[in-house]
Amino acid sequence: MASKHSMQLILPALVFLALVSAVVPATTHLRFYMHDIVTADASSPATAVRVVRGVAPLPNDPTNRFGDMYAIDDALTEAPGASSPVVGRAQGYYLFASRTDAALLLSANMVFTAGKHNGSAVAVFARDAILDTVRELPVVGGSGAFRGATGYGLLRTHTFNATSNNAVLQIDMYLDV
């Protein structure tokens with residue numbers, strides 16, 4: 001049996017641990033793949049549609065212009081393959097926001113429609129320098145299980161087709177909820 005003195009030492013430690021666990025958020029790691037389909041084909045409808053056409057051509061880019069804006073409703077999948085189970089949708093827009101670099105402004109909600117996060121969403125607002133190997137996506141909020149989320153995502157291009165402009169992007173999210 002514990003002595004009165006040892007209980008006096010243990011009790012404050014337990015209270016401290018309870019307070020720390022209540023204050024320090026748990027970090028959740030999510031990995032999913034975003035399928036940005038600009039050019040439709042027989043097996044995939046377009047999920048990124050240009051809604052504004054910019055006027056100034058980008059250097060070394062015959063397709064895109066400064067100011068081009070695309071509305072997106074891209075599938076989010078468990079793995080990079082097109083037949084992988086869909087876990088959600090990336091809904092929002094990106095626009096070519098630099099006159100000199102291949103850099104986008106990305107504003108999107110990652111809306112989860114399957115699995116344990118079904119009905120929850122994470123909002124990101126970021127600069128996406130698309131030629132960089134790894135880009136950071138600041139998390140600006142969330143809903144459902146991710147209400148009040150903070151954190152970041154790491155975005156990597158898994159595949160890119162320069163002819164169609166279609167891409168599959170790997171996203172690793174680290175969320176504090």
Measuring from atom [atom1] of [X] to atom [atom2] of [Y], what distance do you get when rounded to the nearest 0.5 angstrom?
{"X": "Tyr174", "Y": "His29", "atom1": "OH", "atom2": "NE2", "value": "3.5 Å"}
{"X": "Leu131", "Y": "Thr133", "atom1": "CG", "atom2": "OG1", "value": "9.5 Å"}
{"X": "Leu30", "Y": "His117", "atom1": "CG", "atom2": "NE2", "value": "4.5 Å"}

Report task. May I ask you to decide if Ala79's main-chain N or O and Ser84's side chain share a donor-acceptor pair within less than 3.5 Å? Result -> yes

Query - Under 3.5 Å donor-acceptor, Asn118 side chain and Gly115 backbone - result: no

Give a yes or no on whether [X] and [Y] share a hydrophobic cluster (residues Ile, Leu, Val, Met, Phe, Trp, Tyr; joining criterion: side-chain heavy atoms under 4.5 Å apart).
{"X": "Leu169", "Y": "Ile130", "result": "yes"}
{"X": "Val139", "Y": "Leu137", "result": "yes"}
{"X": "Leu155", "Y": "Phe146", "result": "yes"}
{"X": "Met34", "Y": "Leu105", "result": "no"}
{"X": "Leu95", "Y": "Val51", "result": "yes"}

Requested in this report: For the pair Tyr70 and Asn64, evaluate side-chain hydrogen bond (donor to acceptor under 3.5 Å, both in side chains) and give the outcome as yes or no after the intermediate values.
Outcome: CA-CA 11 Å; Tyr70 288 79; Asn64 298 300; 3.2 Å; yes

Looking at [X] and [Y], what are the two nearest heavy atoms and their distance?
{"X": "Val38", "Y": "Asn166", "answer": "N-OD1, 2.6 Å"}
{"X": "Ile72", "Y": "Tyr93", "answer": "CG1-N, 4.0 Å"}
{"X": "Ser120", "Y": "Ala145", "answer": "OG-N, 2.8 Å"}
{"X": "Val134", "Y": "Arg156", "answer": "CG2-NE, 3.7 Å"}

Query raised in the report: Should the ring pair Phe112 and Phe32 be called parallel, tilted or perpendicular, given that the plane angle runs from 0 to 90° and is split at 30 and 60?
Result: perpendicular

**Report entry** Test log, rule side-chain hydrogen bond (donor to acceptor under 3.5 Å, both in side chains), inputs Gln91 and Asp73
**Finding:** CA-CA 5 Å; Gln91 298 172 329; Asp73 187 11; 3.1 Å; yes

Report task. Let me see the working for Leu76 and Val87 under side-chain contact (heavy atoms from CB on, under 4.5 Å), right down to the final yes or no. Result -> CA-CA 6 Å; Leu76 302 176; Val87 297; 4.1 Å; yes

Query raised in the report: Is it true that Phe66 and Phe96 have ring centroids separated by less than 6.0 Å?
Result: no

**Report entry** Evaluation steps, side-chain contact (heavy atoms from CB on, under 4.5 Å), between Met173 and Thr28
**Finding:** CA-CA 8 Å; Met173 290 228 152; Thr28 299; over 6 Å; no

Report task. Determine which pairs satisfy side-chain hydrogen bond (donor to acceptor under 3.5 Å, both in side chains) with at least one residue from residues 31-49, sequence neighbours left out, and list them in order. Result -> Arg31-Asp172, Tyr33-Gln170, His35-Thr77, Asp36-Tyr94, Asp41-Ser43, Thr47-Asp74

Report task. Mind jotting down which residue pairs meet the salt bridge (Lys or Arg N to Asp or Glu O under 4.0 Å) criterion with at least one end in residues 113-133? Sequence neighbours excluded, please. Result -> Asp101-Arg127, Asp128-Arg135

Report task. Give the intermediate values and the outcome of side-chain contact (heavy atoms from CB on, under 4.5 Å) for residues Asn165 and Thr63. Result -> CA-CA 9 Å; Asn165 274 343; Thr63 305; 3.4 Å; yes

Requested in this report: Side-chain contact test, heavy atoms from C-beta onward, threshold under 4.5 Å: evaluate it for Met110 versus Ile171 and give yes or no.
Outcome: yes

